[in-house]
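Reading through the structure tokens given below for one structure.
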Amino acid sequence: MNAEQTAGVAVQSAPTQRQRLTLWYILRRWPILPVILIAILVTLGLGANWIAPNDPIDQSLPDRNARPLYQDDSPYLFGGDHVGRDVLSRVIHGARVSLSVMAVALSAGMLIGTGLGLWAGYAGGFVDEVIMRIVDIWMGFPFLLLALVAAIIFGASFSTIMVLMILVAWVSFPRNVRADVLVLKESNFVAFARISGASTTRILFRHIFPGTIGTITVISSLSVGNLILYEATLSFLGAGIPAPTPSWGNMVAEGRDYLQTAWWTSVIPGTALFLTVMALNFFGDWLRDRLDPRLRQLG
Amino acid sequence: MGQFIARRVLLGIIALMLAMLIVFSLSRVKGDPRYFFIGEDSLGIDPAVWEEWGRRLNLDKPVPIQFALWMGDILTGDFGDSVTTQRRVLDIIREKAPNTIQLGIVAWLLGTFVGVPLGVFSATNRGNTLDYIFRGFALFGQSVPIFWLALVLIFVFAVNLGWLPSGTKGEGVAIRNFVLPAVTLAWFPAASYLRITRTAMLEILDSEFIKFARAKGVAQAPVRWKHAFRNAIIPPLTLSVFVLFGLLNGTIIIESVFAWPGLGRLAIDALWATDYPLLAGLTIIYGLAFVVMILSLDIIYAVLDPRIKYN
């Protein structure tokens with residue numbers, strides 16, 4: 001332990017030539033593993049139809065709970081589930097479902113949340129007050145239970161879960177976007193734009209919005225993992241993606257009854273989910289530290 | 001201070017009413033709400049009973065009046081009857097709530113007393129191997145889906161090793177039964193507390209007054225615990241609101257995995273049995289719990305940190 005560490009002072013000494021070359025140093029500095037994982041995931045999601053070795057919904061009773069790694073003449077790499085479907089193919093198609101639900105929810109949430117944040121920050125006064133109080137109220141809403149109520153009323157379906165996820169996704173954006181706008185709108189370039197006769201819309205989108213992109217990127221990358229987890233949780237509880245369509249959440253739910261005889265049916269999709277979320281969170285942290293360390297408070 | 005609390009209470013009431021409005025409108029957007037109250041046998045039902053239900057739900061009145069009357073019922077504690085058991089919803093909730101509260105408190109204490117000290121430790125040992133291990137634990141804890149963690153722990157400790165029971169609470173308070181559910185539930189909060197405490201501690205340890213204390217010759221331990229930790233406590237405290245929300249949501253998942261006889265499992269049972277009145281009642285009770293938590297933490301926060309302005 002050197003003096004700096006004992007003092008707890010945040011100083012990192014410059015790396016020596018030897019340190020620079022070690023694998024550990026590179027892995028610590030750049031999110032290489034997470035990026036590789038995310039790249040694999042996106043490839044699997046986009047190319048699910050061509051990459052998956054078998055049909056994800058096709059049942060095959062002789063291959064019920066077939067063992068993984070082709071043991072005992074099993075036809076599947078990751079084994080079969082309780083109705084003989086290929087776990088690997090279902091995990092690959094599950095990636096597609098997770099990614100598409102997350103992408104829609106995140107983009108819609110980003111649009112709504114950023115829009116409200118820009119509006120609240122720029123307009124100020126009453127509008128600001130109302131929007132920020134809505135955000136406050138929204139944070140303390142029992143969404144998981146509301147999701148279950150919605151599932152009872154409308155039945156579990158793609159559109160229900162999509163709407164629910166958008167309702168959850170937007171709320172992370174307004175507060176920090178608004179904080180950025182409050183600073184930016186006092187700056188000279190906004191004053192000059194106003195003097196030269198630019199309209200409010202132009203000022204907001206051409207002059208202020210670009211300054212908030214860093215914040216939006218960081219918040220998005222930090223929410224991605226949580227949104228995927230949220231979808232998986234709803235699907236696990238039976239209020240998300242409905243049954244025959246593979247989703248990591250409902251695969252874990254279906255496999256849990258066979259934990260003693262066929263652990264792979266629930267453990268493998270769960271591991272895929274876990275690795276994905278971990279890679280995304282790791283990448284999000286890295287991006288935040290690079291782009292805007294002030295956002296550390298987000299936890 | 002009084003005004004600050006009044007404002008917060010008002011916000012809480014608005015939040016609750018909004019939750020009620022959503023729950024109510026969900027039951028009305030899709031045709032006749034009687035189907036959600038009567039259940040499976042609503043097709044071959046006696047017309048007289050059908051009419052009777054219409055009167056009970058005030059379906060002859062305009063929708064805003066229906067909402068007002070429904071809200072009035074709820075304020076007097078009448079959440080209606082559960083479709084499956086025909087018992088009063090509030091009675092069922094009252095019976096199951098202690099189990100959830102016990103599990104939640106155990107998990108919260110566990111999460112706090114593991115996460116916060118580890119965060120302090122991680123910050124004061126910044127950069128060495130233990131710091132990396134703890135940060136790894138935090139990243140793991142914030143990324144792992146708790147329903148899957150629960151299954152893995154059951155698989156290892158209940159199915160394979162047979163050390164701990166895989167579920168149910170049993171009679172009384174048996175510590176054995178609490179271990180797996182509480183550990184799973186506490187995992188995420190512990191990770192969040194660890195991260196936020198670490199960040200806050202690092203910031204404080206870098207500030208001028210800490211350097212001054214060190215220059216003055218204050219020993220290592222008092223600098224860490226008396227000077228630094230006390231000033232780093234606000235971020236973890238703020239986080240507590242989200243941790244408690246997370247725990248309440250977590251109970252829904254954990255209780256259904258561990259067959260824990262609490263509110264969360266009740267909610268999942270209600271989902272599978274399409275028991276609308278029960279689930280609606282649970283949503284409102286959870287909403288109330290959320291609001292009370294935000295309120296009490298706001299007040300604690302304001303008392304602990306005099307820099308907070310009350311407007």
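Values below: all heavy atoms of this structure, side chains included; hydrogens, waters and symmetry mates excluded. Protein chains get the first letters and strands the later ones, always in sequence-line order, with residue 1 at the start of each.
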Looking at [atom1] of [X] and [atom2] of [Y], how far apart are the two atoms once the value is rounded to the nearest 0.5 Å?
X: A/Phe236; Y: B/Ser256; atom1: CZ; atom2: OG; answer: 5.0 Å
X: A/Phe143; Y: B/Phe290; atom1: CZ; atom2: CZ; answer: 10.0 Å
X: B/Leu279; Y: A/Ile152; atom1: CG; atom2: CD1; answer: 4.5 Å
X: A/Leu229; Y: B/Ser143; atom1: CG; atom2: OG; answer: 7.5 Å
X: B/Gln142; Y: A/Asp285; atom1: CD; atom2: CG; answer: 7.5 Å
X: B/Ile252; Y: A/Leu144; atom1: CD1; atom2: CG; answer: 4.5 Å

query = When only pairs under 4.5 Å are counted, which of A/Phe282, A/Trp138, A/Trp248 shares the most heavy-atom pairs with chain B?
reply =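 If we count pairs closer than 4.5 Å to chain B, A/Phe282 comes out on top.
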Could you look at [X] and say if it's the side chain, the backbone, both or neither that has a heavy atom under 4.5 Å from chain A?
X: B/Phe245; answer: side chain
X: B/Ala270; answer: backbone
X: B/Leu18; answer: both
X: B/Ile294; answer: side chain
X: B/Phe140; answer: both
X: B/Arg135; answer: neither
X: B/Ser192; answer: neither

[options]: which one forms the most heavy-atom pairs within less than 4.5 Å of chain A?
options: B/Asp131, B/Ile14, B/Asn249, B/Val23; answer: B/Asn249
options: B/Val152, B/Ile146, B/Ile22; answer: B/Ile22
options: B/Ala200, B/Ala280, B/Ala15; answer: B/Ala15

Using every non-hydrogen atom in the two residues, find where [X] and [Y] come nearest and quote the distance to one decimal.
X: B/Pro145; Y: A/Gly270; value: CG-O, 4.4 Å
X: A/Pro142; Y: B/Tyr286; value: CB-CB, 4.1 Å
X: A/Leu145; Y: B/Leu282; value: CD1-O, 3.9 Å
X: A/Ile153; Y: B/Ser27; value: CD1-CA, 3.9 Å
X: B/Trp272; Y: A/Leu237; value: CZ2-O, 3.7 Å

- Message: Would you say that more than 12 heavy atoms from the other residues, nucleotides or ligands in this model lie under 6.0 Å from the CZ of B/Phe157, or not?
- Response: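 For B/Phe157, atom CZ is not crowded (no more than 12 foreign heavy atoms under 6.0 Å).
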**Message:** How about CZ on B/Phe212, more than 12 heavy atoms from neighbouring residues, nucleotides or ligands closer than 6.0 Å, or not?
**Reply:**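 Counting neighbours around CZ of B/Phe212, 12 or fewer heavy atoms of other residues, nucleotides or ligands fall under 6.0 Å, so no.
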Under 4.5 Å between any side-chain heavy atoms of A/Leu148 and B/Ile268, yes or no?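 The answer is yes, as the side chains (C-beta and beyond) meet within the 4.5 Å cut-off.
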| query | Pairs in or reaching into residues 157-175 of chain A: which pass salt bridge (charged side-chain N to carboxylate O under 4.0 Å, His left out), with residues at least two apart or in two chains? | reply |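 Qualifying pairs: A/Asp136-A/Arg175.
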Can you say whether A/Thr276 sits under 4.5 Å from chain B via the side chain, the backbone, both, or neither, judging by heavy atoms?
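When you check distances to chain B, no heavy atom of A/Thr276 falls under 4.5 Å.
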| Do B/Trp148 side-chain atoms and A/Phe274 backbone N/O form a donor-acceptor pair below 3.5 Å? |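 Absent.
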